[in-house]
Amino acid sequence: MAAKYTSPPVPLPSLASLEESADWLVTVHGVDQAGPSFEARVFLNNPDADEETETSLENGYAGSFEVYGYGLSPSQKPSRLPMNRVVEATEAIRHELERGHKETTVTIVPILAPTGPSQTTELEERLGIESVEILPK
């Protein structure tokens, strides 16, 4: 299993703010693309989420993004190639607000293609997420 990332608590917008802006995004800063490719599933208020967690609002699923990694060979020195990714998460945010939450943790669960143990170890060391924000589009 590849390592996942869970953020510190992130403030949610108010319901009024949610109505003012049509779309809200979970913005993930610093995702490292120097390693393997993977799908990143984004969950709100579900730090126990893993690759087996059903992708439903009830489980806090907000969406996913893809990372097309450069897949450094073993002879290359590790380097960081950070990038930002966004997930349109309005419905998941609304769901959390309706449940009475004013803040959320954001859990990023990487799902690797079956490529072998060396790729998994590489991702554990390289997920590299720096921070997460919830912002209007």
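Residue numbers run from 1 in the order of the sequence given.
At a threshold of 4.5 Å between non-hydrogen side-chain atoms, the residues L12 and K102 do not count as touching. Side-chain contact between L25 and P136: absent, with no pair of heavy atoms (C-beta onward) separated by less than 4.5 Å. Contact check for V132 versus Y5: side-chain heavy atoms found under the 4.5 Å cut-off. Using a 4.5 Å heavy-atom cutoff, the side chains of N45 and H101 are in contact. By the 4.5 Å heavy-atom criterion applied to side chains, I134 and I93 are counted as neighbours.
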Exercise for the section: Apply side chain to side chain donor-acceptor pair (under 3.5 Å) to T6 and T105, showing your working. Expected result: CA-CA 6 Å; T6 299; T105 58; over 6 Å; no

Practice task
In sequence, state the C-alpha distance, the side-chain angles, and the governing distance for T90 and E88, and then conclude on side chain to side chain donor-acceptor pair (under 3.5 Å).
Solution key: CA-CA 6 Å; T90 307; E88 195 287 313; 2.3 Å; yes

Exercise for the section: Go through the steps for M83 and D32 under the test side-chain contact (heavy atoms from CB on, under 4.5 Å), then give the verdict. Expected result: CA-CA 6 Å; M83 64 180 176; D32 195 354; over 6 Å; no

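Considering all non-hydrogen atoms of both residues, E66 and R85 come closest at O-NE, 3.5 Å. Pairing each heavy atom of V106 with each of I108, the nearest pair is CG1-CD1, 3.9 Å. A pairwise comparison of heavy atoms in V31 and F38 identifies CG1-CZ, 4.2 Å as the closest pair. When all heavy atoms are compared, the tightest approach of R41 to Y61 is CB-CE1, 4.1 Å. Heavy-atom minimum distance, P82 versus E130: CB-OE2, 4.3 Å. Counting all heavy atoms, side chain and backbone alike, P110 lies closest to A3 at CG-O, 3.0 Å.
Atom OG1 of T107 is separated from atom CG of N59 by 11.5 Å, given to the nearest 0.5 angstrom. Taken to the nearest 0.5 Å, the CG atom of N46 stands 9.0 Å off from the OG atom of S56. The distance from the CG atom of D48 to the NZ atom of K4 is 6.0 Å, given to the nearest 0.5 Å. Atom-to-atom distance recorded for S7:OG and E133:CD is 11.0 Å, nearest 0.5 angstrom. Atom-to-atom distance recorded for L44:CG and E96:CD is 5.5 Å, nearest 0.5 angstrom. Rounding to the nearest 0.5 Å gives a distance of 9.5 Å between CG of L97 and CH2 of W24.
Transitive grouping of hydrophobic side chains (ILVMFWY, heavy atoms separated by less than 4.5 Å) brings I129 and V42 into a common cluster.
Just one of V26, T27, V86 meets the side chain to side chain contact (heavy atoms under 4.5 Å, CB included) condition when paired with L135; it is T27.
Checked for salt-bridge contact, R94 and E19 meet the test: a charged N lies under 4.0 Å from a carboxylate O.
Checked by atom type and distance alone, the side chain of S64 never pairs as donor or acceptor with a backbone atom of E39 at under 3.5 Å.
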